[in-house]
Amino acid sequence: VDITVESSGGNHTGGYHYGFLHEDINNSGDGGIYAELVRNRAFQYSDEFPVSLDGWRPINSANLSLNRLDEPLSDVLPVSVNVKATKKSGKRRVGLQNEGYWGMDVKKQKYTGSFWVRGAYKGYFTAELRSNFTEDVFGSVKVKSQAVANDWVEHEFELVPKKNAPSSNNTFAITFDPKGASGGSLDFNLISLFPPTYKNRKNGLRKDIAEALEELHPTILRFPGGNMLEGLTHSTYWNWKDSLGPLRTRPGFQGVWDYQQTHGLGLMEYLYWAEDMGLDIVIGIWAGLSLDGEVTPEADFQAVIDEGLEQIEFIRGSADSKWGKVRAELGHPEPFELHYVEIGNEDWLAGYPGGWTSYKEYRYPLFLKAVTEAYDDITVISSGATSDGDGFKIPAPGIGDYHPYRTPNALVDEFDRFDNDVGHIVGEVAATHPNGGTGWDGDLMPFPWWIGAVGESISLIGYERNADRIPGTFYAPVLRNMNKWQWAVTILQFAADTALTTRSTSWYVWELFARHPITTVLPATESFDPVFYVAGSNEDLGTLVWKGAAYNTTNGADVPVTVAFDGVKAGAQAELTVLTNNAEDPYAYNDPHTGVNIVDSTTTVLEANKDGAFEFELPELSVAV
Ligand code: AHR
């Protein structure tokens, strides 16, 4: 394959984005990147998920009961737990312990916690990190009681374990001496414990997961979903207003992925995530459609638009504006940057091609008008693509959103998908199903796998070739808690034990491509298959970049490649990085249980030949920059 790259005439992209979508699926928010260690910390509930003591156990035969007190901790957290000594408790301290999101990682580091108590108590509480199956206590702190008879009082503490626990099979426990409490009982609510967080944010992100995402060199974050944004019903979508302020004012909601959610990872936390990682954002705005198919009628739609406009004002309005002031009061007077707003999620605006026809197409045009009139520098994204088959024509200046979850072959077939189309983001993409397998109706692969990652690389190359109209690509979904999940294929896998956080095969491919940004895509020889590529320059770094992949080569042989950049002379040097799969099995994957990484990365320095071309060979199923 001989490729010549011209030195001018391409697409200036202004910075092409590699990023990811985050929604709370696979316990990737609660129990995932949101660093809270206590599960069911405030006994939140919904129609779908009744209130329970899930995650909690008594200590020393205490009786635990859930109550709705006349004076609850807050209107939105009406249920609390009463802890009462019983005969069996004898003279022992009593309390309750939480098993976390299927374990707790305990290390010699500073944990920060708090709990609210109601009831008179003279004495001290202990807050402890303990083994779940031996008598070991790894760290313990005494917290002087401030508790009084008729009010809720918050107790805060810091806890530094004396040693690392040998496993994550641990609990967090609070005890008190029933002799000092009237009637031997106390009411508790909102019991919280955080390890050190990413960039030390209060109520922040789990460090190891956030750092593994940061190491992907992302430049954009799409949130908050995904189906989570839409909700199952019109009263259970992800309402940004419920996600603001002190934790005791956040009600939690019935997520769409089979578990109750806390609202802990709220709008401000997402914005700090983007700010701390240096990411642009695509914010999803609820568009009057829930997953039960209900759509807000046109006559009532202004209220939906207003809520979206308020959300935008909250994010980027000045501290003098109504909602910018609320943000300022929450600690961020400076507006956040916001240039992409997406209307809904997968809204197939003229009717779902599969036959569900209740979606209504007035919604996007109304939003487009309202948002562009108020903010001429915001791109308004329609949450549907021109190829979704519903016939909806995305009105200018809007762009679409394409979500290909595909087999590797299908991703390769779609290499030229955007060569002749209007603008889109690729708001969710991943190889999910095996070639020749059962297709979408069958199971997803157990993890991202090598040939899938190579398939993704080829679609990424196709999108980046059209970077003047495709501002960015988002892996989705990104995170999977190995203890409870709904969607197998994610770029990172994790568990309570931070040692199990696993970068998938896709992680290595996306990392390599994102590490080498192109600011102008340059015209190059167009002869693709079995080598697919994009070339360009990076004006900020003063580099020339070629990204390519080999897929389905003749008889699986290595492919000789030459790349000649116009103006590059004999003897010039280039660095070539090639990713291959050392298991020599296209179905191999990085399994968190074994910890084995099957991706090999080899970097060599090439010298341009007498014609100024770089010569190298690409093995079958390899990805290179
Ligand atoms: O990423 C998982 C789901 O796939 C998202 O919630 C939805 O947008 C898509 O259909």
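Computed from heavy atoms alone, side chains included, the values below leave out hydrogens, waters and symmetry copies. Atoms within each ligand, like the ligands themselves, are counted from 1 in listed order.
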Donor-acceptor pair, side chain of Ser504 and main chain of Ile491, under 3.5 angstrom: yes
Measuring centre to centre across the rings, with the benzene-like ring taken for any Trp, is Tyr475 within less than 6.0 Å of Phe20? no
Between Phe194 and Tyr34, is the gap from one ring center to the other below 6.0 Å? yes
Pair Tyr272 and His332, ring centroids less than 6.0 Å apart: yes
Any side-chain donor near an acceptor of the partner, Trp240 and Glu307, under 3.5 Å: no
Show the protein residues that qualify under the rule heavy atom under 4.0 Å from an atom of ligand 1, listing them in chain and number order. Glu23, Gly226, Asn227, Trp257, Asn345, Glu346, Tyr405, Glu428, Pro477, Trp487
Aromatic contact between Trp286 and His234, with the criterion being ring centroids under 6.0 Å apart: yes or no? yes
